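A quick write-up on the structure given underneath.
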Amino acid sequence: MLCTTLFRTPARLSLRPSFRSVSTLPSNPHIYIFPNPSPPTNSHILTLLPTEPPSQNLSIGTTTKIPPTPDSLTENPHFLSILNDVLRLHATEDPLVQGQAAAFASTSGSALGSGGMFFPQQPKRKVPRSGGGGGTAGDGAGGASSQGGAGGGGRGGWLHVGDMRAPPDYGRIAWPEDIFGSLEVDGKGEFVAGGGGVKGNWQASGSYRVITREGM
């Protein structure tokens, strides 16, 4: 009986699956870290997918430092293209975005004011979050009347969709590097149809950055 037990034990152990722990960023457990097999040496692949080996084509990008910094991260343009397409098709389904759009029904205006998507990206610097005034390009976001808040006059406008890593103060617009893009809303709070009949007439900001000094 003892001999039989000793003989069968290794067979049972060999059937146990082996697992490898996958590292994630301490600041964001949804981002996985993998060694990068390609140059430069000692770099890492950052991805939202836990599968191994990772797909560099679907990765967020590569970094030479952990935790990554704006200087160490090389963004993957293909990932940003996929991200933009997902937002173009589905951003209007987000409850927070829908709630912001509903505000246009009573108090709305144009979101093309200070810090909006149609102004060139301003230099990244730490300044108080006070706007440069409605309708003019400034270092921060404009007042409520310039971005679809109270006092806009019920005209409809543009609603900015950001990643919320640095939520703006109430009545302000996020920094350009935090904005994915914008959705067009009419005076009734309804999303305007864009190309192909997709609701929202999505416009990519062109200024979004995967990582800033605020993190990823």
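From a predicted model like this one, the values you see are computed outputs, not experimental measurements.
Taking CZ of R209 as the start and CG of L80 as the end, the distance is 9.0 Å to the nearest 0.5 Å. The line from OG of S207 to CD of E177 is 7.5 Å long, rounded to the nearest 0.5 Å. Rounding to the nearest 0.5 angstrom, the gap separating the CG atom in L83 from the NE2 atom in H78 is 12.0 Å. Here F34 contributes atom CZ and T47 contributes atom OG1; the two are 7.0 Å apart, rounded to the nearest 0.5 Å. From N36, atom CG reaches atom CD1 of I45 across 4.0 Å, with rounding to the nearest 0.5 Å.
Residue pairs meeting the salt bridge (Lys or Arg N to Asp or Glu O under 4.0 Å) criterion with at least one member in residues 77-98, sequence neighbours excluded: D85-R88. Legend: salt bridge (Lys or Arg N to Asp or Glu O under 4.0 Å) pairs involving residues 159-168, not counting sequence neighbours, sorted by first then second residue: D163-R165, R165-D178.
Applying the 4.5 Å side-chain rule to ILVMFWY residues, one finds that M164 remains a lone member of its cluster.
Counting heavy atoms from C-beta on, the side chains of I173 and I179 come closer than 4.5 Å. Between F104 and L159 the shortest side-chain heavy-atom distance falls below 4.5 Å. The closest side-chain heavy-atom distance from I33 to I66 is below 4.5 Å. Between F191 and L183 the shortest side-chain heavy-atom distance falls below 4.5 Å. Using a 4.5 Å heavy-atom cutoff, the side chains of P68 and M216 are in contact.
F79 and V86 fall into different hydrophobic clusters, where Ile, Leu, Val, Met, Phe, Trp and Tyr residues are linked whenever their side-chain heavy atoms come under 4.5 Å apart, directly or through other members. The hydrophobic clustering, which links ILVMFWY residues whose side-chain heavy atoms are closer than 4.5 Å, places L46 and I82 apart. Residues L49 and I31 do not share a hydrophobic cluster, clusters being chains of Ile/Leu/Val/Met/Phe/Trp/Tyr side chains in contact below 4.5 Å.
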N/O donor to acceptor pairs below 3.5 angstrom from side-chain atoms of residues 192-202, sequence neighbours left out:
residue: N201; atom: OD1; partner: Q203; partner atom: NE2; Å: 3.3
residue: N201; atom: ND2; partner: E184; partner atom: OE1; Å: 2.8
residue: W202; atom: NE1; partner: N84; partner atom: OD1; Å: 2.8

Under 3.5 Å, sequence neighbours excluded: what are the donor-acceptor pairs made by side chains of residues 54-62?
residue: S55; atom: OG; partner: L58; partner atom: N; Å: 3.4
residue: Q56; atom: NE2; partner: S38; partner atom: OG; Å: 3.4
residue: S59; atom: OG; partner: Q56; partner atom: O; Å: 2.8

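Every residue meeting the ring pair (Phe, Tyr, Trp, His ring centres under 6.0 Å) condition with F180, not counting sequence neighbours, appears here in chain and number order: Y208.
Across all their heavy atoms, V22 and Y32 have their closest contact at CG1-CD2, 3.5 Å. Here the closest non-hydrogen pair linking S205 and P176 is OG-O, 4.5 Å.
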Task: H44 and T63: CA distance, side-chain angles, deciding distance, side chain to side chain donor-acceptor pair (under 3.5 Å) verdict - done: CA-CA 5 Å; H44 301 81; T63 179; over 6 Å; no
